[in-house]
Amino acid sequence: MQMVAGKSFQNIENLLQKVRFLRGHLRWVIFWPLAALLFLILGWTLLLNDLNTDRQRLEQTARSNVIDLAKNYAGNLARTLETVDQTILHVRYEWELSKGTLQLETINQKKLFHAGSIFQVAITNSDGYVRTSTLANPSSMYLGQDRFFLVQKYAIIDFLYMGQPKTGRLSNENVLYFSRGVSKPDGSFDGVVVVSTASHYFTSTYNQSSLGKNGLLALVGDDYTVRATRVGNKVGSVGAFAFAQTPYFPTLSGSHLFNGRTWFADQRNRYIGWQQLEGFPLVAVAGLDQADVLAPYWTTRETSIRNAVLATLALIGFALIAMFLSARLAWRKHQLERTQATYRMATEEGNEGFYIIKPILDRSRKISDFETVDCNSYGARLFQQRRDAVLGKRFSGLFPEPERRNLMSYLAQAMETGFYEGEMESSSSQPGAAKWLYLKMVRSDGELAITMRDISDSKAHVSELERRGNEDALTGLPNRHWIQTYLPQALERANGEQAMLALLFVDLDGFKSINDTMGHLVGDELLCYAAERLKVAVRPNDYVVRLGGDEFVVIVEQLAERLDAAHVAERIVAAFKEKFRLSQGIHTIGTSIGISVYPTDGKDAATLLQNADIAMYSVKTTGKGNYRFFEHRFYEVLRSRLDREHELRHAIENDEFVMHYQPRIDMQSGAVSSMEALVRWKHPTKGLLEPIEFIALAEETGLILGIGDLVIDKVCAQLAAWSRQGRTVLPVSVNVSPRQFNQGNFTKTIAVCLKRYQLASDLLEIEITESCMMGDSGDVANSLATLRSMGIKFLIDDFGTGYSSLSQLQRLDFDVLKVDRAFTSEVEKNEEGKVFFTAIITMAHALGMRVVAEGVENERQIKILKFLRCDEIQGFYVARPSPAGDRQTDFSSRPVPALA
Ligand code: C2E
Ligand code: CA
Ligand code: CA
């Protein structure tokens with residue numbers, strides 16, 4: 001219901017809109033019909049006027065023609081009548097001369113009359129009987145009752161009588177009679193000479209070419225009798241043959257249009273000319289048929305009118321179409337204006353420039369520019385202008401010269417495809433001018449509607465983000481993201497220039513352990529210094545990129561030969577020979593560099609990076625601190641490493657590890673003081689593997705964490721198993737890798753495990769290497785303190801091999817110091833070894849630590865160590881690491897000689 005109401009409301013609204021439009025654009029709608037009407041009136045007036053003139057001219061001509069014809073006719077008639085009269089006079093003369101003996105019957109007619117004439121002559125006596133005649137047997141003929149006889153009988157003068165026509169006695173034709181009286185010598189009446197002739201003779205001069213088919217010739221007496229008439233081919237004189245009533249002519253000569261209905265039997269209008277005959281009381285009448293006269297006029301008129309009607313129809317059609325089209329155009333324009341106005345109003349408040357522009361065409365009908373038809377004030381403000389200063393001007397004028405070309409191509413594109421959308425950078429240096437514009441163009445009715453937005457701020461924001469996205473926050477070097485976009489372009493360039501390009505994959509040697517042990521702050525500091533050093537070492541145009549962690553990439557472009565890349569690598573390696581002076585002491589760190597060269601080692605960025613990485617890895621596994629070009633065989637190395645890693649992971653999942661135990665002997669008592677748990681891998685195919693085969697890989701890959709957890713669990717389980725034997729159980733030391741130790745949850749792992757197996761915490765000892773405590777990390781100190789407070793002993797492993805910091809040792813409480821095997825072997829070789837060992841023992845004792853000599857392999861060593869007051873020993877000489885027996889003491893050991 002509501003919808004219906006809404007719809008009809010919309011209809012009304014539509015209607016109102018159309019009415020309003022019509023009111024505003026009425027002149028457009030009625031212009032064409034009005035113009036057509038005016039044109040038609042003018043045209044028709046001209047045409048009709050023209051036709052009228054034509055007609056008048058024709059009538060004029062006809063009227064002057066009929067006068068001429070009448071005059072001509074009158075002349076002819078007069079001559080004929082004179083001939084008739086001459087004949088009568090001649091016959092009378094002959095008659096009187098012959099004293100009444102003239103025999104007309106015998107007279108050669110040809111002599112008397114004109115050849116071809118049809119006159120008959122007769123002479124009567126005074127009673128009216130024919131005496132002689134040109135007719136064959138006139139004897140019985142009596143003419144005494146005829147007017148031509150009676151008039152002459154009583155006439156007092158001699159005159160030619162012209163009688164009225166009547167049907168001839170012999171012929172059935174109209175005949176005219178002419179008579180003169182004949183007198184006796186005494187002057188008394190003696191009959192008449194009468195000449196009769198067919199009345200058509202008097203109209204025989206009728207000429208069709210001048211009078212037409214319906215022309216008229218007539219001979220009318222001034223007694224108002226018509227003597228002879230001829231209309232076209234028809235002749236006659238009597239009755240209503242031609243004239244419906246007796247014509248009357250007011251003047252001697254003239255012309256007039258006679259109405260057919262009033263005057264003529266055939267009811268045709270005629271132009272009648274008349275002329276009084278000279279010497280005869282007769283009027284010669286010539287008539288031209290009005291229809292005949294006007295026939296050409298009517299034909300012309302008909303064609304003209306028909307053409308004019310066609311033209312009128314065409315014009316009306318044209319006007320209607322034009323009206324429709326202009327109304328439609330106006331409607332479109334109106335709608336466009338409305339849309340524009342609405343749009344402008346809508347955009348006026350917003351922060352979008354809005355423009356309507358229309359193309360300006362040059363002579364070759366190509367678009368040379370655009371005219372700004374409309375724009376909102378914001379649109380003008382975008383170019384620091386006022387709206388009225390922009391309207392009607394060239395649109396391209398708003399833009400600085402360098403942008404115009406681009407702009408015109410966008411505009412052309414929009415004109416062609418109907419749409420364009422894009423961004424445009426402006427070189428305008430005017431303060432406040434937009435640096436970046438966002439354009440959207442839509443073609444509509446041959447014009448373009450454009451919206452424009454100042455996107456300078458967001459553009460700046462984006463480019464800042466981009467810069468940040470491409471930059472490593474720590475070192476300020478370009479980052480992985482940057483290289484992903486830059487490298488493909490650089491490769492494309494190199495490809496275009498047929499040049500080589502090298503990637504140096506730089507990895508810092510030993511960075512991980514510094515980071516793990518000294519903490520991230522030190523690591524970060526070191527990375528910054530390393531970045532600096534790299535930048536100095538490379539050539540000015542080379543890029544140093546930080547991929548992440550301690551991995552860097554140097555892009556060496558415009559490489560003349562492979563050797564150039566080697567030189568750069570050499571300089572980097574050399575640069576890292578120098579020590580780093582950090583806030584936390586002095587550190588040495590090397591670099592391993594893998595080099596891949598475009599195009600030999602790869603065509604694309606990913607392959608080149610991967611191969612440089614592989615080459616770097618190859619350096620890592622063969623001594624570090626060097627550089628290497630990529631070789632395909634490195635793949636194999638990597639492959640096998642990956643395989644091993646996979647195997648190791650699998651081993652952790654399957655728990656393929658077992659623990660061996662090696663006792664530590666107290667020098668004083670000769671008894672076992674503790675045991676070191678050493679992990680072994682029961683490899684499914686390779687047999688029992690020692691740590692040297694897999695610990696390094698486990699450390700590198702982080703798998704050491706999984707192994708570490710397993711080891712703690714196994715050791716605890718073993719301790720629990722031994723303690724179930726009911727004997728006193730000795731503590732076991734576990735090797736913990738720095739990574740494992742520095743893991744946040746290490747303390748918890750230990751606590752949970754001890755609890756699970758219900759072990760006293762003093763049964764567990766932890767061996768960590770020196771490097772573990774190198775950093776300043778409070779975490780290390782904290783977990784150490786926590787674990788120690790639980791009663792867990794801490795042993796420094798491999799003492800002497802790492803970078804010892806006595807202050808660290810002092811700060812962190814350790815229980816035992818295990819001197820590395822290398823020093824143990826030295827003690828028996830030279831004095832220095834002894835001195836070194838003595839120093840360690842003195843120092844350790846001073847700090848309250850016991851000292852364990854590792855790797856004791858012979859009796860001599862034991863003796864010296866005992867002399868040097870070493871507290872404990874461990875080594876093959878006493879016992880090799882072996883699997884756990886049922887009892888903790890189930891292992892084959894050799895008694896310590898000094899004690900034996
Ligand atoms: P380490 O902590 O220094 O362990 C002592 C190593 O010295 C053991 O080697 C042991 O078999 C060996 N050894 C003992 N006495 C002698 C001797 O008289 N002469 C010689 N030449 N060697 C002797 P092993 O078991 O091969 O372990 C090597 C290293 O692997 C260990 O060195 C330790 O750093 C690591 N490791 C072993 N087990 C584990 C473990 O469970 N966790 C961790 N993180 N590392 C372990
Ligand atoms: Ca150890
Ligand atoms: Ca050791």
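Heads up: numbering here begins at 1 and tracks the sequence. Remember, it's 1-based here, ligands and their atoms both numbered in the order they're listed.
Aromatic ring centres of F823 and F836: separated by under 6.0 Å.
Residue Q740 has no N or O atom closer than 3.5 Å to an N or O atom of ligand 1. When only interatomic distances are considered, the shortest N/O to N/O separation between Q874 and ligand 1 does not fall below 3.5 Å. Where the criterion is an N or O separation shorter than 3.5 Å, residue side chain and backbone included, E676 meets it with respect to ligand 1. An N or O contact shorter than 3.5 Å is missing between I704 and ligand 1 by distance. Ligand 1 has no nitrogen or oxygen under 3.5 angstrom from a nitrogen or oxygen of I692.
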Mind listing the side-chain donor-acceptor pairs of residues 727-739 below 3.5 Å, one per line with the distance, residues two or more places apart or on another chain?
{"residue": "S733", "atom": "OG", "partner": "M675", "partner atom": "O", "Å": "3.4"}
{"residue": "S733", "atom": "OG", "partner": "E767", "partner atom": "OE2", "Å": "2.7"}
{"residue": "N735", "atom": "ND2", "partner": "E676", "partner atom": "OE2", "Å": "2.8"}
{"residue": "N735", "atom": "ND2", "partner": "A677", "partner atom": "O", "Å": "3.3"}
{"residue": "S737", "atom": "OG", "partner": "R739", "partner atom": "N", "Å": "3.4"}
{"residue": "S737", "atom": "OG", "partner": "Q740", "partner atom": "N", "Å": "3.2"}
{"residue": "R739", "atom": "NH1", "partner": "E699", "partner atom": "O", "Å": "2.6"}

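Shortest contact from atom 2 (O) of ligand 1 to any protein heavy atom: D797 OD2, 2.8 Å. When hydrogens are left out, the protein atom nearest atom 10 (C) of ligand 1 is L678 CD1, 3.8 Å; that is the closest non-hydrogen contact. Among all protein heavy atoms, the one lying closest to atom 21 (N) of ligand 1 is E857 OE2, 3.0 Å. Considering only non-hydrogen protein atoms, atom 26 (O) of ligand 1 sits nearest to P691 CD, 3.5 Å. The protein atom (non-hydrogen) at minimum distance from atom 3 (O) of ligand 1 is D798 OD1, 3.2 Å. Nearest protein heavy-atom neighbour of atom 18 (O) of ligand 1: F876 N, 2.7 Å. The single protein non-hydrogen atom nearest to atom 45 (N) of ligand 1 is N735 CB, 3.5 Å, given as residue, atom name and distance. Taking atom 11 (O) of ligand 1 as the reference point, the nearest protein heavy-atom neighbour is P881 CG, 3.3 Å.
The Ca ion (ligand 2) has an N, O or S atom of N735 under 3.0 Å away, backbone or side chain. Not a single N, O or S atom of D798, from either the backbone or the side chain, sits less than 3.0 Å from the Ca ion (ligand 2). Taking backbone and side-chain atoms together, D797 has an N/O/S atom less than 3.0 Å away from the Ca ion (ligand 2).
Between F794 and F814, the ring planes are perpendicular. Angles over 60° get that label, and only those under 30° would be called parallel.
A salt bridge links D472 to R546: at least one charged side-chain nitrogen sits closer than 4.0 Å to a carboxylate oxygen.
Inspection of the E828 and N858 side chains reveals an N or O donor paired with an N or O acceptor under 3.5 Å. Counting only N and O atoms by type, the side chains of E857 and S825 include no donor and acceptor under 3.5 Å apart. For E647 and H683, the side-chain atoms include at least one donor-acceptor pair closer than 3.5 Å. For S592 and D509, the side-chain atoms include at least one donor-acceptor pair closer than 3.5 Å.
Checked by atom type and distance alone, the side chain of R533 pairs as donor or acceptor with a backbone atom of E578 at under 3.5 Å. For the pair N470 (side chain) and N479 (backbone), a donor-acceptor distance under 3.5 Å is absent. Judged by distance alone, the side chain of N611 and the main-chain N or O of S596 form no donor-acceptor pair under 3.5 Å.
Residue-level proximity to ligand 1 for Q662 is carried by the side chain, the only part with a heavy atom below 4.0 angstrom.
Between R821 and ligand 1 there is a heavy-atom distance shorter than 4.0 Å. At least one heavy atom of V711 sits closer than 4.0 Å to an atom of ligand 1. In this structure, K818 does not count as a contact residue of ligand 1, since none of its heavy atoms falls inside 4.0 Å of the ligand. Using a non-hydrogen distance threshold of 4.0 Å, R680 registers as a contact of ligand 1.
For atom 32 (O) of ligand 1, the nearest protein heavy atom lies 4.0 Å away or farther. Protein heavy atoms are found less than 4.0 angstrom from atom 13 (N) of ligand 1.
A cation-pi arrangement is not found for R639 relative to Y635, the charged atom failing to lie both closer than 6.0 Å to the ring centre and inside a 45° cone about the ring normal.
Of the options Q874, E765, E854, a side-chain hydrogen bond (donor to acceptor under 3.5 Å, both in side chains) to R664 is made by E765 and by none of the others. When each of V544, V538, V536 is paired with I572, the side chain to side chain contact (heavy atoms under 4.5 Å, CB included) condition holds for V538 and for no other.
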Would K624 and D507 count as a salt bridge (charged side-chain N to carboxylate O under 4.0 Å, His left out) here? Give the steps. CA-CA 9 Å; K624 309 184 174 175; D507 192 284; over 6 Å; no
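Looking only at N/O/S atoms, E854 comes nearest to the Ca ion (ligand 3) through OE2. Within E767, OE1 is the N, O or S atom that lies nearest to the Ca ion (ligand 2).
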